[in-house]
Structures are given as structure tokens and as C-alpha cells.
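Okay, so here's the structure we're looking at.
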Amino acid sequence: MRCSLRENCGVIGIFSIEGVNVTPLLIAGLEALQHRGQEAWGIAIWGHPTFKRPGIVSQYTEVEHAEISRMNGSVGIGHVRYSTTAKSTVKHAHPLDIGSMADNCSFRIAHNGTLERDLLIENLKDLGFSSPYGISDTELMGVSLHRLLKRGKSWIEAFEELNPYLNGSFSLVILTSGGELIGVRDERGFRPLCLGWHEETSSYVLASESCALEAIGANLIRDVEPGEVITISKNGIKSEYFARQERHAHCPFEYTYFAHPSSKIEGITVYNARKNIGRILAEKYPIEGDIVVPVPDSARPAALGYSERTGIPFEEGLLKDRYKRKGSWRSFIEPEKRETVVSNIIAIKEAVDGKRVILIDDSIVRGTSSKIIVGDKLKNAKSVSLLLTFPPIIYPCYMGIDFPSQEELLAYRICGVSASIEEINRRVAEYIGASFVGYNDVDGLSRGVGLPKDQMCLACTLGDYSCLKYKPRFRKREEMKS
Ligand code: SF4
């Protein structure tokens with residue numbers, strides 16, 4: 001059986017109550033979400049065909065620019081995509097068109113997250129859909145919703161009915177055939193989604209992160225709540241719930257790595273969370289060193305926090321070469337290109353050679369990048385102590401971050417599932433060639449981010465998948481790519 005595509009992406013939707021053209025705002029918002037996906041992007045404007053392209057948003061050509069400029073509309077959705085599937089082409093880019101244009105239950109949908117395909121396939125077979133194989137998790141969810149809408153269900157009823165089959169994460173923006181904008185977040189709130197207001201165009205804005213609101217001059221109103229469906233139409237805004245769970249499972253990886261530092265998620269500014277974690281690491285691991293150096297870019301605030309708390313000078317000892325095409329790519333996002341990306345990290349020799357370097361990074365997933373940075377980029381340092389803002393990643397993620405296979409996780413590979421954190425620190429240090437490795441722990445993560453442990457997903461570090469409807473079957477990467 002084929003398996004689900006792995007995605008973590010960025011979504012945006014804009015609705016102008018006064019009928020102002022929102023296409024330029026959509027493009028600017030998508031550019032601000034580019035860090036969430038660089039493989040393909042797309043927009044759907046009401047009254048126009050869906051537009052999708054590979055690569056990053058700002059790479060559009062003169063011809064494409066002219067095409068986009070003709071797509072005027074007062075409501076639209078957009079998506080930036082990252083995926084690690086072998087077949088990661090523009091065909092899989094969002095928004096996806098569900099139903100035919102003439103169909104008044106049709107809609108276009110953009111998804112951030114990952115859903116288990118097997119359950120959705122089972123449900124569709126029960127609904128009489130004969131060929132649900134070979135299509136993505138988003139398309140399966142879309143087709144399922146469409147069939148329920150065709151049977152006369154409202155959107156909220158359709159989500160209520162489908163919810164038992166939605167095992168995983170989803171933050172969605174939907175453009176209906178009637179020109180309504182809908183935002184939906186799964187019942188646990190794994191992935192972020194927020195609501196804002198753009199005064200100049202009298203528009204409501206839904207976006208994965210508040211950095212997109214900031215970029216277009218909109219103000220953050222609030223997060224979309226887990227289990228909430230927000231419908232925006234000419235009549236204004238309506239909030240309903242298809243599910244309510246007390247136990248939320250916000251992904252802490254958004255705070256330590258994925259989200260933009262300026263974004264505010266669940267009322268917490270990502271930059272502050274990262275800096276706090278740096279301070280906590282300083283208390284936990286008071287190492288003697290000459291300089292504190294971040295692995296660019298997401299560890300920079302944590303390194304500042306560590307430096308502030310210890311008084312050890314902060315140095316930009318590693319920099320990304322931004323003038324190379326691949327210099328700004330994030331190494332975690334594109335594993336097949338990881339070594340190329342790391343090779344675009346340049347050490348500032350005068351800053352690091354001969355020094356006792358305290359290196360701060362957000363996480364170790366497979367260990368490849370850390371080994372190159374410690375063993376090659378910092379080979380002339382006197383010593384390298386590596387501190388990680390995220391606890392050891394031992395279990396795969398099936399909620400939208402791309403480490404689907406346990407066998408590829410370094411901490412699991414060399415320590416198994418029951419080693420103490422001290423043992424993991426020691427063995428990982430040996431493996432990557434560092435003088436010392438110190439992982440954050442779950443308490444430090446919770447304190448640093450500012451969310452209680454029971455409001456976060458910690459499945460990849462604790463192996464507790466109880467916030468999913470069913471524990472997923474662990475798969476190999478090749479299986480995920482098939
Ligand atoms: S398993 Fe890890 S990366 Fe995935 S959602 Fe949970 S905390 Fe985030």
C-alpha cells in the first residue's frame with residue numbers, strides 16, 4: 001500500500017469584506033512564509049484557475065508576474081510546500097482543486113500537516129469511492145469532505161463526521177465555490193494557524209504564522225483554536241467547533257526550529273522562547289568556554305540567551321553564504337541536499353580557530369550536519385561543546401515534520417529507546433566528534449517555550465502518541481517515498 005506524502009508547509013487565506021483585490025497581499029504573505037516550504041507554491045483566487053509553480057515565490061518570471069497581476073479577486077488562498085517525497089513535483093503543490101468548477105460543493109484547499117492515508121482510504125471505500133489509492137492525504141481529506149458536502153452536510157457537520165478518520169495534523173485554508181474563506185485547525189493544534197485583520201483593505205487574514213501578517217501590515221487578532229472552523233464571508237466572521245479537546249499538542253519544534261523568530265504562536269513570541277531556552281541551557285550546562293557560537297540561523301536567539309546568562313561572548317563564528325543559491329536553504333528541510341547546504345556554511349576562522357567553542361544548535365535529527373560542522377568547519381577550534389535546544393529525537397514524527405523513519409534518527413540508532421540523557425549526550429558526542437554534547441530535556445523545553453508539558457506534543461522525544469487517534473505504524477523512509 002502506498003503511504004502518505006510528508007509535508008510541513010505554510011498556508012494563507014485573505015478575504016476583503018470591501019471587495020478590494022487581495023492578490024498582492026497573498027503573494028507578499030506567502031513570501032513571508034517561505035521558510036516553511038521552498039519546493040513549490042500556489043495561489044487560488046476566486047474566479048480564476050489555480051496557479052502553481054515549483055521553487056520559491058520570488059522566482060516568478062515576467063510572464064508569470066503578468067499572469068498573476070491579471071488575477072484580481074477579493075478572496076484567495078495560498079500555500080508554500082515542502083515535501084521529501086521522491087515525486088515532489090508541482091503536481092502535488094497546493095491549493096488542490098476538489099470537485100468540478102460547475103459543482104456548487106467544489107472548493108480549493110491548502111493544507112499544513114500530515115494525515116494517515118490508510119484511515120481516509122478505509123472511510124472513502126465505505127462511502128463507495130472506488131479508487132482512493134495513489135492520491136495524497138490532502139486529496140483524500142478533500143474528496144471525503146466533498147462527498148459529505150454533496151450529501152447536504154454543512155462544513156461543520158462534514159468535519160464532525162470525518163474527524164474520526166483524521167489521524168494526524170491539519171491547519172487548513174479553504175476557498176469555497178461560493179467565495180467563502182474557511183480556516184480549520186485540528187483538534188489538538190499540532191500546527192499553528194492564526195487570524196489577523198488588514199485595515200487598509202478591510203480584510204481578514206488566516207496564516208500559518210503571524211510573521212505573514214506583519215509582512216503585509218495586518219494585525220494579529222488571535223490563534224485559530226484547536227478544533228475550530230472559522231468561516232469568513234460577506235456577512236462577516238463565524239466561529240464554530242467540530243471538536244473540543246482539553247489536551248492540546250502544540251508542536252515545540254515550531255518554537256525551536258521551524259517557525260520564524262518574529263512569529264507569535266499561542267501568545268508566545270518564538271524569538272523569546274528560543275532565547276529563554278538558551279538561558280536554561282546555561283543553567284543546565286555551565287561549560288567553560290571562550291565563545292558561544294550559533295549554528296545559523298534558528299539557534300541564534302538561544303546562543304544569545306546562553307551568552308547573556310554566562311557572560312561568555314557571543315560570536316557569529318559560522319555564517320551561511322547567502323549569495324549562493326543553496327545558501328539560504330535549511331538543511332533539515334531537504335535531506336537529499338543536506339551536505340551541499342552544510343558546505344555553504346562558512347566558518348570565520350579568526351573567530352573560532354584555537355577557541356573553546358560552545359556551539360548551540362536547535363536539534364540533531366540524523367547527525368549528518370552536526371558531524372560536518374564539528375569535524376570540518378570547526379576542526380581548528382581548541383574544543384567544541386555542542387548544546388541542543390530540543391531534547392533527543394528518538395521516535396518518528398507523523399504530525400507534519402519530516403522525520404518519518406525511526407531508523408534514521410541518530411539518538412535512536414546509537415542509543416535505542418531507554419538510554420538516560422547523560423548516556424545519549426556521551427554517545428552522540430563520540431559519534432559527531434565533539435568534546436561534549438548536552439541536550440535540553442522536556443522540563444527545560446517546557447519552561448523555555450512557556451507551555452505546560454501537557455499542552456505540547458512530545459511524541460518524537462517521549463514516544464507518547466496518545467494525542468493521535470491511533471498510534472501510527474512506524475515506516476521506513478523508502479516506504480514513505482514509494
Ligand atoms: S512528534 Fe515532535 S516534531 Fe512531530 S509534532 Fe510532535 S513534537 Fe512536533
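We're numbering straight along the sequence, starting at 1. Numbering of ligands and ligand atoms starts at 1, following listing order.
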Of L458, T389, T461, which meets side chain to side chain contact (heavy atoms under 4.5 Å, CB included) against L445?
L458
For atom 8 (Fe) of ligand 1, the protein heavy atom that lies nearest, with its residue and separation:
C251 SG, 2.3 Å
What is the closest protein heavy atom to atom 6 (Fe) of ligand 1, and at what distance does it sit?
C457 SG, 2.3 Å
Any luck finding a side-chain donor-acceptor pair between N112 and R36 under 3.5 Å?
yes
Calculate, to the nearest 0.5 Å, the distance between atoms CZ and OG1 belonging to R108 and T50 respectively.
4.0 Å
Ligand 1 versus F403: contacting region, heavy-atom distance under 4.0 Å
side chain
Considering only protein heavy atoms, which is closest to atom 2 (Fe) of ligand 1, and at what distance to one decimal place?
C460 SG, 2.3 Å
When you measure from the heavy atoms of Y395 to every atom of ligand 1, does any distance fall below 4.0 Å?
no
Report the distance from atom CG of L145 to atom CD of E157, rounding to the nearest 0.5 Å.
12.5 Å
Measure across A411 and I394 and return the closest heavy-atom pair with its distance rounded to 0.1 Å.
CB-CG1, 4.2 Å
If we ignore angles and hydrogens, is there a donor and acceptor under 3.5 Å between the side chains of H35 and E209?
yes
Contacting atoms of ligand 1, where contact means under 4.0 angstrom from a heavy atom of I401:
3 (S)
Heteroatom N/O/S of C397 within less than 2.8 Å of atom 4 (Fe) of ligand 1:
yes
